Number of protein chains: 2
Amino acid sequence: VPYEFDEDTAVEEIAPGHFRGTINDRWNVGTVPNGGYVLAVGMAALKQSLPQPDPITVTAHYLSPAVPGDVEIDVDLLKTGRRFCTATASMRQNDREIVRLLATYGDLTKMEGPTHIAALPPQVPAADAPGRQRTAPFHVEVRHRFALGLAEPVEAGKAALERGWIRFADGRPMDVHCLGLIADAFPPAVFNVTERGWVPTLELTVHFRARPRSDTLHCAFRTRFLVGGLLEEDGEIWDETGTLVAQSRQLATAPRLRP
Amino acid sequence: VPYEFDEDTAVEEIAPGHFRGTINDRWNVGTVPNGGYVLAVGMAALKQSLPQPDPITVTAHYLSPAVPGDVEIDVDLLKTGRRFCTATASMRQNDREIVRLLATYGDLTKMEGPTHIAALPPQVPAADAPGRQRTAPFHVEVRHRFALGLAEPVEAGKAALERGWIRFADGRPMDVHCLGLIADAFPPAVFNVTERGWVPTLELTVHFRARPRSDTLHCAFRTRFLVGGLLEEDGEIWDETGTLVAQSRQLATAPRLRP
């Protein structure tokens, strides 16, 4: 039996650069598929199309909410270089573009050069501790796809910060291709300072910095600027060896109760 | 006499969605035009093409170094919604794509919703103080386009942090369309912990959060993760009223001495 992530991000190339897949409803937030999951489906088409093995930086603009069901993906290769290649992916449902991706891939095992790190991994609960759970005002099916251990808030009601560990509920090993999903898999940090609700992502950018070497990841997500109904959420994703594997930033609209 | 920024980002629509402009060498770093300046030329074509007045989030992937000279820009409108519209811009020189932009525009004066800010503007020198100057191992023509007052480093040689004020040298008023350029206009923060050199940007994403209400801006740029020759630089750009006007993040390769 394949793992849920692999089953639900499988895409088939039916013509050169043209893919078909299915958006499964088991990654839903309310009635809308999670944006990180939709990104992962698009990245599955990029992975099959590009000559380099690892995503390096991927940006998604969300044009219309996805719906569970068929999706078509067109990949357009813009540049193939010695170190990096760049492509777009256009995801369509019902003759409407729902997501546009702009992605640069490379080989994370071949990066060479100086290293200077001015940060520490986040403090998270022990991986066998249950952690704090969050409630939502509607059904969040995607939470059943993960095991999640949230840290207690530093300043309840004051800091839009969420830290914790995460791994796949069905034991799927972690790899670099999952990190776009992980970047959108936590409860929004802004829930610590606002009403809870649906937080539609306008844009999500993920920098992939290393292949993860553990199946449990340690994450911190923080919102510092919620202004006029728009918010940024910055993420750091580390593996258990203490290596930063991804940084993310998204721009989203403030929580609301639809859907 | 037009201001330098307006003269050097002027583009002409020669067919629907097809623009021509010129990359001027007075924004060069060594022999290569500054990435933020090239972004601003592409954004000039987006501004003319889109029905919404303000950039909200723009991502640029740099495929090949720009060269001074003619540039062609093709804009493709992906979605026009009530609040947001999304488009791509493809910039070409000598039959080669040099930059691909993915951009969502909206109206920053019509944003409504909750506000929660957990940050303060950076400490910068007084606007009439000369500030610290940096030297570079090659000619940096773009520095003459700005007046810049850099703060003293917090921990010299330890923190990849650069703070200061900036404005156009020729007195051009600041507006939201300049902020992509400002996001790439400071000396790279990583120079405080590495050799100086050329820091080619792979990808730059800017979130535009408010229209600036002052012509001098207060900025902070920080690199926390330089790993294996790849680095991120995070920027905050504030106006003198204490409003965050933009956040930026770029992925770049470590300093080297070419060109």
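Computed from a prediction, not measured in an experiment: that's the story for all the values here. Lettering of chains follows the sequences in order, A, B, ..., and the numbering in each one begins at 1.
When each of B/Val227, B/Leu102, B/Thr104 is checked for heavy-atom pairs under 4.5 Å with chain A, B/Leu102 comes out on top. For the set B/Leu251, B/Leu202, B/Thr253, B/Leu101, the entry with the most heavy-atom pairs within less than 4.5 Å of chain A is B/Leu251. When B/Gly229, B/Ala119, B/Pro255, B/Ser90 are compared by the number of non-hydrogen pairs under 4.5 Å with chain A, B/Gly229 comes out ahead. Of the listed residues (B/Arg96, B/Arg100, B/Arg83, B/Glu97), the greatest number of heavy-atom pairs within a distance under 4.5 Å of chain A belongs to B/Arg100. Interface remark: of the candidates A/Glu112, A/Met111, A/Gln247, A/Gln247 forms the most heavy-atom pairs closer than 4.5 Å to chain B. Ranked by non-hydrogen atom pairs under 4.5 Å with chain A, the options B/Thr223, B/Thr115, B/Val190 are led by B/Thr115. Interface summary for chain B: among A/Thr88, A/Leu78, A/Thr194, A/Ile117, the most heavy-atom pairs under 4.5 angstrom belong to A/Leu78.
With hydrogens and angles disregarded, no donor-acceptor distance shorter than 3.5 Å links the side chain of A/Asp107 to the backbone of A/Gln52. Between the side chain of A/Lys79 and the backbone N or O of A/Thr86, no donor-acceptor pair lies under 3.5 Å.
Between A/Glu236 and A/Arg163, no side-chain nitrogen of the basic residue sits less than 4.0 Å from a carboxylate oxygen of the acidic one, so the salt-bridge criterion is not met. Comment: B/Arg211 does not engage B/Asp175 in a salt bridge, judged by the lack of any side-chain N to carboxylate O separation of less than 4.0 angstrom.
If you measure heavy-atom distances from A/Ile56 to chain B, the contacts under 4.5 Å come from both the backbone and the side chain. With a 4.5 angstrom heavy-atom cutoff, A/Ala103 touches chain B only via backbone atoms. Within the 4.5 angstrom heavy-atom criterion, only side-chain atoms of A/Leu244, from C-beta onward, approach chain B. Only the side chain of A/Arg209 comes within contact range of chain B, with at least one heavy atom under 4.5 Å from a heavy atom of that chain. Of the two parts of A/Glu203, only the side chain, counted from C-beta on, holds a non-hydrogen atom closer than 4.5 Å to a non-hydrogen atom of chain B. With a 4.5 angstrom heavy-atom cutoff, A/Arg222 does not touch chain B via any of its atoms. Residue contact with chain B, scored on non-hydrogen atoms closer than 4.5 Å, involves the backbone and the side chain of A/Glu232 alike.
Each of A/Pro212, A/Ser214, A/Pro122 was scored for a side-chain contact (heavy atoms from CB on, under 4.5 Å) with A/Trp238, with one residue passing: A/Pro122.
The two atoms that bring A/Ala66 and A/Pro33 nearest to each other are O-CD, 3.2 Å, heavy atoms only. Closest non-hydrogen pair, A/Thr201 versus A/Gln250, comes out as OG1-OE1, 2.7 Å.
The distance between the ring centers of A/Trp198 and A/Phe191 does not fall below 6.0 angstrom.
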Yes or no on side chain to side chain donor-acceptor pair (under 3.5 Å) for A/Arg249 and B/Thr205, after CA distance, side-chain angles and deciding distance? CA-CA 9 Å; A/Arg249 177 175 286 166; B/Thr205 294; over 6 Å; no

